[in-house]
Engineer: 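Encoded as structure tokens, here's the structure I'll be asking about.
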Amino acid sequence: MYNWLARSLVLLGAMLSNVSLAADLTDVDEIVRRANLAAYYQGADGRAEARMIIRDGQGREQMRQFTILRRDRSDGGDQDFLVVFSRPADVRNTVFMVAKHTEGEDDRWLYLPSLDLVKRISAGDKRTSFVGSHYFYEDVSGRNIRDDQHRLLGSDERFYLIGSTPKDPASVEFARYQVWIDKQTFLPMTIEYYDSGDRSYRKVEVIETETVQGHPTVTRSQVSDLRSGGSTRMEFRFIRYDLGMEPGLFSERSLRNPPREWLQRPH
Amino acid sequence: MRLGVAGLLVLLLSTPLARAVGQPADTTDDWGDDSWAEESWDTTAESGPRWHGFYEVGLGGRLADDAVLDERLTLAETRLRLEREQYLGDYRYSLKADLWADGVEHGLHGRLREALLSFSPSDRLDLRIGQQVLTWGTGDLLFLNDLFAKDWVSFFSGREDGYLKAPAATVKASYYSGAGANLDLVWTPRFRSDNFIDGERFSYFSPLTGSNVAAPDGHLQPQRPEHDLDNGEFAARLFGRRDGTEWALYAYRGFWKQPNAVDPAGQFYFSRLTALGASLRGNLAGGIGYTELAWYEGEDGSGGDPLLPNDQLRLLAGYERELRPKLTLGVQYYLEWLQDHAALAANDGDSPYRPDEYRQLWTLRLTYRAMQDNLTLSWFSFWSPSDQDYYLRPSLSYRFDDQLSLTVGGNLFGGDQSHTFFGQFEDASNLYARLRYSF
């Protein structure tokens, strides 16, 4: 009887924590794991239209507009991405495809319509600019949570504050970073990166979120380069999850012939 | 030429470009804090087709005089590109047209770069019918199993890289099995040769005179295969991907894309070519590794006829990786193994211009991006240790904003001998600049 009661309480606790009503989590790895799922693995698949406005230190602006399709091979694991650009004119109809692997190197392809060329590109440094913006590839597709040591620095009513240091400092440009994770949604709301002199030089902030099909989703965010004064703002719209994408969607066929069925705006 | 520019201007005024130019460049108010206007998200699919394209001015000139060509310019053009695409039901059409006034090959020229209808008759089948540019294979500016037409004149004169591929009227059917192997079949009913160096813009080496020749006397005008269904080109590719590794098998039946056969009357023509090949590409040691093989089977199976190209085995191995952030290195080794070399040597009358049995080529690509990717510095070089010649392609491009970009670069040829592949183009060495407004 006592055992049964204890098990029921544990079960109840687990259920409650799933809807984020439970007491604070103290296991930092669990917090980071949930944040990773909340930020990058909503639903089994998803589509969104994105726009970025890139502003350099002198205030000059450029923009990028693209549609992004994502499918998870497993929650928290490998994922496929297809990014189809519509603006500006010189990158229109360019397609970028990534098979993201949590073990081993990613596979990346680029389709250049002027040459009808499917180019394989090396996995390379994931902490370099994504299409000329202040976002890094890793900001868009997610950084492997096992690449850093995480520590719970504290928490208040709204946020967990996590401090992270890279396991391989030579592979990244930061010495450490801090993340404020929303206790309700587990979305990382602010990330601040520090250099070896412990100066904050880069900041990623969520400006607006929205709940889409039950998933709290970032709809507006901004990256600021605190050294140059440049920044990029990104906005997502027309977001849909669980559309039932097939694994075969992420193939050379979609590079050469972007899949209209998934690219057109849902009604 | 003057008429050409006037024509272009008239056309310009009637296009969206004129309207685009008329707007201030920084109409980005819809990107402000709270005014992400709904309409500004519109894409072609939502608001109907729009005209896109670019307007470009290009100028390039020789570094030294060419003794047989009195034209100092290698590129002098003002070009308008118009593009439009739209779905009509399940059918998608795409049009890309170029109109340019050319100061080297004087006059106003127009060309359809794409006039394409694509649709999927079934879940697994894609069809693309019409004028189009096609590319496959793994090489970087080296083509083994890609026997689709190239435009070497554009490439040598500093037009954008995309112009290296010449369009052809083609039917392409792609069957995707969903697992394992996929199949591309390409039929080009009318043989489409390369746009080869024919002596008009650049001179070429003639073994008959032992020197470079050019138009008008040396204008290379080969006999083309008759327009006959039997003279069409067929190309096929069976391909797939396993884990991260891509494999492909290729076949081609058609003609050599350059006129490298001579009939008894001394007339150049395109002889028959059948090619078979294979390629592999995948992640390798933090970069991309690839290899490709092709067997070229010509008409001269025994190799004894010096007026016909011999069979060849072509081999490529390449590797590309990021050396450090923003700096990418690519290296390729390429081998052309001329078959029956002894038979050729025994029958060509001791020609001093006889090609080597093994033509080897190394290429090096370095790309560096800076200033938030707005500046791209690029180096590409071909160097042949067997021919002792080279072709260097340095370039710099800068994106001022989303519309305006500038590219400056060079095409520099040289070699120990005047008859080798790149050596013959020494006097074609040029520098160029292109300013482009995209819309």
Side-chain angles (χ1 to χ4, degrees), chain A residues 49 51 53-54 56 60-65 67 86-93 99 101 104-109 112-125 127-129 131-134 173 220 225 228 230 233 235 237-238 246-248 251-253 256-257 260 263-265, chain B residues 26 28 31 36 40-41 43-46 52-54 83 85 87 92 118 120 126 128 132-136 138 148 160-165 174 176 178-179 182 239 241 244 246 281-283 286-288 290 320-322 324-326 328 369 371-374 399 401-403 405 436 438-439:
Chain A
E49 286 170 46
R51 288 205 310 196
I53 179 159
I54 305 162
D56 71 11
R60 289 174 298 202
E61 292 184 350
Q62 295 192 14
M63 72 139 118
R64 309 283 182 268
Q65 186 168 331
T67 303
S86 50
R87 289 181 190 175
D90 61 344
V91 298
R92 201 172 56 92
N93 293 340
H101 303 299
E105 288 167 13
D106 294 351
D107 302 308
R108 294 201 219 174
W109 291 266
L112 301 173
S114 66
L115 283 157
D116 183 44
L117 176 67
V118 173
K119 189 174 157 51
R120 183 90 181 237
I121 47 181
S122 57
D125 193 328
R127 300 197 62 76
T128 55
S129 161
V131 294
S133 75
H134 295 88
E173 90 291 356
R220 291 171 80 180
D225 178 340
S228 73
R233 202 156 351 121
E235 176 167 333
R237 286 201 184 178
F238 312 107
E246 301 281 332
S251 66
E252 184 172 329
R253 181 184 199 177
R256 291 182 184 269
N257 186 10
R260 185 188 180 210
L263 293 172
Q264 63 188 354
R265 217 163 268 175
Chain B
D26 57 348
T28 48
W31 287 85
W36 296 63
S40 59
W41 282 80
T43 57
T44 302
E46 307 300 318
H52 288 280
F54 56 81
E83 302 183 358
E85 64 195 45
Y87 275 99
R92 176 181 177 271
S118 45
S120 303
D126 290 348
R128 290 162 66 102
Q132 57 188 306
V133 160
L134 291 171
T135 297
W136 64 36
T138 60
F148 305 114
E160 190 201 36
D161 284 357
Y163 285 99
L164 170 59
K165 299 296 283 202
S174 303
Y176 298 93
N182 311 300
F239 64 104
R241 182 173 118 200
E246 298 160 280
R281 179 165 72 177
N283 286 336
I288 301 295
Y290 51 90
E320 185 182 306
R321 73 169 292 170
E322 205 174 68
R324 56 190 197 83
K326 302 291 179 190
T328 309
R369 287 172 296 132
M371 301 171 75
Q372 208 68 34
D373 288 1
N374 286 322
R399 249 175 136 266
D401 54 36
D402 285 339
Q403 283 80 42
S405 63
R436 173 180 291 202
S438 303
F439 57 90

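Below, chains carry the letters A, B, ... as their sequence lines are ordered, and counting in each starts from 1.
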Engineer: Out of A:Asp106, A:Asn93, A:Ile54, which one racks up the most heavy-atom pairs below 4.5 Å with chain B?
Structural biologist: A:Asn93
Engineer: Is B:Tyr290 in contact with chain A via its backbone, its side chain, both, or neither, using a 4.5 Å heavy-atom distance?
Structural biologist: neither
Engineer: Give, as side chain, backbone, both or neither, the part of A:His134 having an atom under 4.5 angstrom from any heavy atom of chain B.
Structural biologist: both
Engineer: Please classify the contact between B:Ser120 and chain A as side chain, backbone, both or neither, with a heavy-atom cut-off of under 4.5 Å.
Structural biologist: side chain
Engineer: Which answer fits B:Arg92, side chain, backbone, both or neither, if we ask what part of it has an atom under 4.5 Å from a heavy atom of chain A?
Structural biologist: side chain
Engineer: Please classify the contact of B:Asn374 with chain A as side chain, backbone, both or neither, using a heavy-atom distance under 4.5 Å.
Structural biologist: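 Interface part for B:Asn374: side chain.
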Engineer: Heavy atoms only: give me the nearest A:Trp109-A:Val118 pair and the separation to one decimal.
Structural biologist: CD1-CG1, 3.9 Å
Engineer: So which part of A:Ser133 gets closer than 4.5 Å to some heavy atom of chain B, the side chain, the backbone, both or neither?
Structural biologist: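 For A:Ser133, the backbone is the part near chain B, not the side chain.
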Engineer: Can you tell me which portion of A:Arg127 sits under 4.5 Å from chain B's heavy atoms? Options are side chain, backbone, both or neither.
Structural biologist: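 For A:Arg127, neither part sits under 4.5 Å from chain B.
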Engineer: Salt bridge or not for B:Arg436 and A:Asp90, using N-O below 4.0 Å?
Structural biologist: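 A:Asp90 and B:Arg436: not salt-bridged.
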Engineer: What part of B:Arg241 is in contact with chain A, defined as an atom under 4.5 angstrom from a non-hydrogen atom: side chain, backbone, both or neither?
Structural biologist: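 It is the side chain, since no backbone atom gets that close.
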Engineer: Based on non-hydrogen pairs under 4.5 Å, which of B:Thr138, B:Ile288, B:Thr328 is most in contact with chain A?
Structural biologist: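 Option with the top pair count is B:Ile288.
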Engineer: Taking the six-membered ring of B:Tyr87 as reference, does the cationic atom of A:Arg260 (NZ for Lys, CZ for Arg) lie under 6.0 Å from its centre and within 45° of its axis?
Structural biologist: yes
Engineer: Identify the two heavy atoms, one from B:Arg399 and one from A:Pro88, that lie closest to each other, and give their separation to 0.1 Å.
Structural biologist: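 Distance-wise, the nearest heavy atoms are NH2-CG, 3.3 Å.
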Engineer: Out of A:Thr128, A:Leu112, A:Leu263, A:Leu115, return the one with the most heavy atom pairs under 4.5 angstrom to chain B.
Structural biologist: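 Option with the greatest count: A:Leu115.
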Engineer: At a heavy-atom separation under 4.5 Å, does B:Arg128 approach chain A through its side chain, its backbone, both, or neither?
Structural biologist: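 Just its side chain gets close to chain A.
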Engineer: Where on A:Asp225 is there a heavy atom nearer than 4.5 Å to chain B: the side chain, the backbone, both, or neither?
Structural biologist: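 Nothing of A:Asp225, per the 4.5 Å heavy-atom cut-off to chain B.
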Engineer: Could you state the interatomic distance from OG (A:Ser251) to CD (B:Glu246), rounded to the nearest 0.5 Å?
Structural biologist: 11.0 Å
Engineer: For residues A:Thr67 and A:Glu49, report the shortest heavy-atom separation together with the two atoms involved.
Structural biologist: OG1-CG, 3.5 Å
Engineer: What are the two closest heavy atoms between A:Glu105 and A:His101, and how far apart are they?
Structural biologist: O-CD2, 2.9 Å
Engineer: Quick check: do B:Asp401 and A:Arg60 have side-chain heavy atoms less than 4.5 Å from each other?
Structural biologist: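 With C-beta onward as the side chain, the pair stays apart.
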Engineer: Ignoring hydrogens and geometry, is there a side-chain-to-backbone donor-acceptor pair from B:Asp402 to A:Met63 under 3.5 Å?
Structural biologist: yes
